[in-house]
Amino acid sequence: MKYRSTRNKDLRLDCAETVIRGLSEDGGLFVPVEVPELKKGELTELSKLGYCERAKNIFAKYMTDFSEEELFECAEKAYIGRFEDETPTPIVKLGDGTYMLELWHGPTCAFKDMALQILPHFLVKSAEKAGDGKKTVILTATSGDTGKAALEGFCDVEGTEIIVFYPQNGVSKIQQLQMQTQSGKNVAVSGVVGNFDDAQTAVKTIFTDEKIREKLAEKGKRFSSANSINVGRLIPQIVYYVSAYADLISDGEIAEGEVVNVCVPTGNFGNILAAYYAKRMGVPFGKLICASNANNVLTEFLSTGVYNADRKFYMTESPSMDILVSSNLERLLFELCDHDDGYITALMNSLREHGNYCVPNEILAKIKELFAAGYTDDEGAEKRIKTLFEEYSYLCDTHTAVAVEVYEKYKIETGDETKTIVVSTASPYKFPRAVLKSVSGKIVEDDFEAAKEIECISKLEMPAQLKGLSEKEPRFTGVCKREEMAEFVLSTVGGES
Ligand SMILES: *Cc1c(COP(=O)(O)O)cnc(C)c1O
């Protein structure tokens, strides 16, 4: 399987090469030249296998330049012993036809672990294939959860270094502490003045800066990205959708072929894009329901065809979805416009220069057939957390609550009662103050105090990896301005060679 860029459809690269590069040099995102299809009966076959075997089978379709042994080895390193249970992605059934796909039982308690536990292993194997002996420098902007998950995935992985930037006032105390206390000799972390989009835009600029690339090359290093634009993250995310469907078969909830909707709390459009690819592969998914918070740029786009990032930015209780520029949307647009790379380049230029773009009705019609979209504000999410807890004794985090709320509204508006997988993306203990306020009305200033109270109310235990944070000493407390980020990068990578 070869990969091309959304801004250069004639490019042909092996998967390993795209994993190393992260982002294409033309600014585009890598996409597989074809979407591989599942064979008839394959979902039932997969339903009899464990997670790593399933993963190997899906990987093998997309990563043909890797051997099956290599792929299985990567999956085992990522998913065995690193997650709470044998199944990394348990499903909890809520009432009739709603299935919570919990993707947060990994080391950092958010769904980003699903991809970021395995990306470093893909990267090391990819670098071996490239055979030039270069070290990889991972450069990442995070809206909160990616940063820690990437740090945890890359920590002390031979031949890699990682630098993470997070928006100074855009992450929770727990998220910030998780990053500031990161161990490992190949890691660096800094806050950035501004919001996530500011940090992400600056990272993209550093990435494509020729001078910086040259300086890195002199040191025998090269950039790669752990952001959700990396193909090495997209593919593992496709796996859990295929696997969830297979689980519903093996649990006797559905028969192969039965249509199931998927509802995803969305920020950068990465997670839901993986659901789209799973559907294209032949998983019988019906509507892909895109759930947003008050930053509802995607709700508007998916219903009107107008993408307008030039709007008020809200800091919400679901900070990992506080995004106005959803990078992965570019991949969907590329797929829906018959791979017209010139058109995609024009759209993205318009977004950069004018803060908006608009797609024609023909593309909007395709979007509407595939997707439904909705949003809710903090209040809606809060109420939903409370209702779920009261009705099902089920405690969910603020991001997941956005998805459940949007899903419930979707059901009422459309009357669509199709069984639905709702993606649960974080442990409620990652955002304990908001969760406590939702279930009990109580306002507590401190994350850890709030977590203790939740433990009393819910009998759900706080994950050990979060509990231990309050005693750890922060290592990385610095903050820089956007224009100082390049300097921080250069001094970090220059320091040790
Ligand atoms: C990153 C994140 C999201 C959004 O995922 P995207 O792939 O950016 O759409 C939702 N919830 C949580 C908890 C996250 O960490």
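One-based numbering, in listed order, for ligands and for the atoms of each.
Look at Glu408 and Lys411 and you find a salt bridge, because one of the NZ, NE, NH1 or NH2 atoms lies within 4.0 Å of a carboxylate O, short of that distance. Arg4 and Asp341 are not joined by a salt bridge, as no carboxylate oxygen comes within less than 4.0 angstrom of a charged side-chain nitrogen. Taking a cutoff of 4.0 Å between a charged side-chain nitrogen and a carboxylate oxygen, Arg82 and Asp113 do not qualify as a salt bridge. Glu382 and Lys386 are not joined by a salt bridge, as no carboxylate oxygen comes within less than 4.0 angstrom of a charged side-chain nitrogen.
Between the side chain of Ser224 and the backbone N or O of Val19, at least one donor-acceptor pair lies under 3.5 Å.
The salt bridge (charged side-chain N to carboxylate O under 4.0 Å, His left out) test applied to Glu84 returns no partner, not counting sequence neighbours.
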Under a 3.5 Å threshold, I'd like every N/O contact between ligand 1 and protein atoms, with atom names and distance.
{"residue": "ligand 1", "atom": "7 (O)", "partner": "Gly270", "partner atom": "N", "Å": "3.3"}
{"residue": "ligand 1", "atom": "7 (O)", "partner": "Asn271", "partner atom": "N", "Å": "2.9"}
{"residue": "ligand 1", "atom": "8 (O)", "partner": "Asn268", "partner atom": "N", "Å": "2.7"}
{"residue": "ligand 1", "atom": "9 (O)", "partner": "Gly267", "partner atom": "N", "Å": "2.8"}
{"residue": "ligand 1", "atom": "9 (O)", "partner": "Asn268", "partner atom": "N", "Å": "3.3"}
{"residue": "ligand 1", "atom": "9 (O)", "partner": "Phe269", "partner atom": "N", "Å": "3.3"}
{"residue": "ligand 1", "atom": "11 (N)", "partner": "Thr425", "partner atom": "OG1", "Å": "2.8"}
{"residue": "ligand 1", "atom": "15 (O)", "partner": "Lys112", "partner atom": "NZ", "Å": "2.5"}
{"residue": "ligand 1", "atom": "15 (O)", "partner": "Asp145", "partner atom": "OD2", "Å": "2.5"}

